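First comes the structure, then the notes that go with it.
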Amino acid sequence: MAPKVQQTKAAKAAAALAGGKKGKKKWNKGKVKDKAQHVVILDQDKYDRILKDVPTYKFVSVSVLVDRLKIGGSVARVALRQLEDDGIIAPVLKHSKQAIYTKVE
């Protein structure tokens, strides 16, 4: 068997760099949830829709208005207070964190 030919230092370094790890394994592809585009300034047609739709809901809360009408949470809180003052909805539970209303029969 013929003796092995010794590689130079530069050749060894090049071989070490060439055959290494391809990189760290990624465990997920990073599914990104779309950011909701909710209205933060109330225009006339959103206001009319609130006055038309909300009195028909059996259960009314900030999260219901945000989800169904695509408005911001602060706009929904103000709208609920206004509807309660007008007598369109009645409070079921009022708490500093969550307010629940129902339609007036």
Side-chain angles (χ1 to χ4, degrees):
M1 188 182 260
K4 264 182 128 175
V5 178
Q6 190 71 23
Q7 290 181 327
T8 63
K9 282 188 177 183
K12 286 181 182 178
L17 286 175
K21 282 187 172 181
K22 64 177 180 186
K24 196 167 184 179
K25 179 169 174 28
K26 295 242 182 198
W27 287 99
N28 62 357
K29 299 293 180 213
K31 295 181 178 74
V32 178
K33 186 180 176 189
D34 291 334
K35 188 157 172 55
Q37 296 294 322
H38 292 281
V39 176
V40 293
I41 298 174
L42 204 59
D43 54 350
Q44 188 61 44
D45 51 320
K46 279 283 186 192
Y47 182 70
D48 293 339
R49 186 160 173 227
I50 288 172
L51 289 179
K52 183 173 76 86
D53 290 351
V54 173
T56 64
Y57 298 160
K58 184 170 175 63
F59 176 86
V60 184
S61 69
V62 172
S63 52
V64 168
L65 292 187
V66 167
D67 186 45
R68 293 187 190 173
L69 301 175
K70 303 295 184 236
I71 58 176
S74 58
V75 175
R77 282 191 294 275
V78 171
L80 285 176
R81 266 186 251 123
Q82 182 67 38
L83 291 172
E84 182 189 3
D85 291 342
D86 294 344
I88 297 172
I89 57 175
V92 174
L93 173 97
K94 285 183 99 172
H95 190 269
S96 63
K97 305 295 182 209
Q98 180 76 35
I100 298 173
Y101 298 91
T102 188
K103 61 184 175 182
V104 175
E105 301 293 325

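Atoms considered below: every heavy atom in the structure, side chains included; atoms not considered: hydrogens, waters and symmetry mates. On a predicted model such as this, the values are computed, not experimentally measured, just so you know.
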(message) Could you report the tightest heavy-atom contact between Ala79 and Ile50, atom names first, then the distance?
(response) CB-CD1, 4.2 Å

(message) Quick check: is Leu83 connected to Tyr47 through a chain of hydrophobic side chains (ILVMFWY, heavy atoms under 4.5 Å apart)?
(response) yes

(request) To the nearest 0.5 Å, tell me how far Leu65 CG sits from Arg49 CZ. (result) 10.5 Å

(request) Indicate if Tyr101 and Phe59 have the same hydrophobic cluster label, given that clusters are the connected sets of ILVMFWY residues with side-chain heavy-atom separations under 4.5 angstrom. (result) yes

(request) Working to the nearest 0.5 Å, report the span between NZ of Lys31 and NZ of Lys33. (result) 15.0 Å

(message) Hydrophobic clusters here meaning ILVMFWY residues chained together by side-chain heavy-atom distances under 4.5 Å, can you tell me if Leu80 and Leu51 are in one?
(response) yes

(message) The criterion is salt bridge (Lys or Arg N to Asp or Glu O under 4.0 Å); which residues satisfy it with Asp67, sequence neighbours excluded?
(response) none

Could you give the side-chain donor-acceptor pairs of residues 86-96 under 3.5 Å, partners two or more places apart or in another chain?
from	atom 1	to	atom 2	distance (Å)
Asp86	OD1	Gln82	NE2	3.3
Asp86	OD2	Gln82	NE2	3.4
Lys94	NZ	Glu84	OE1	3.1
Lys94	NZ	Glu84	OE2	3.3
His95	ND1	Lys97	N	3.1

(request) Kindly state each residue pair satisfying side chain to side chain donor-acceptor pair (under 3.5 Å) with at least one member in residues 72-81, sequence neighbours excluded. (result) none

(request) Please say which of Lys46, Lys52, Gln44 ends up in a side chain to side chain contact (heavy atoms under 4.5 Å, CB included) with Asp48. (result) Gln44

(message) If we ignore hydrogens and angles and just use 3.5 Å, is the side chain of Ser61 paired with the main-chain N or O of Ala99 as donor and acceptor?
(response) no

(request) Might you point out which heavy atoms bring Ser63 and Gln98 nearest each other, and give the distance in Å? (result) OG-NE2, 4.5 Å

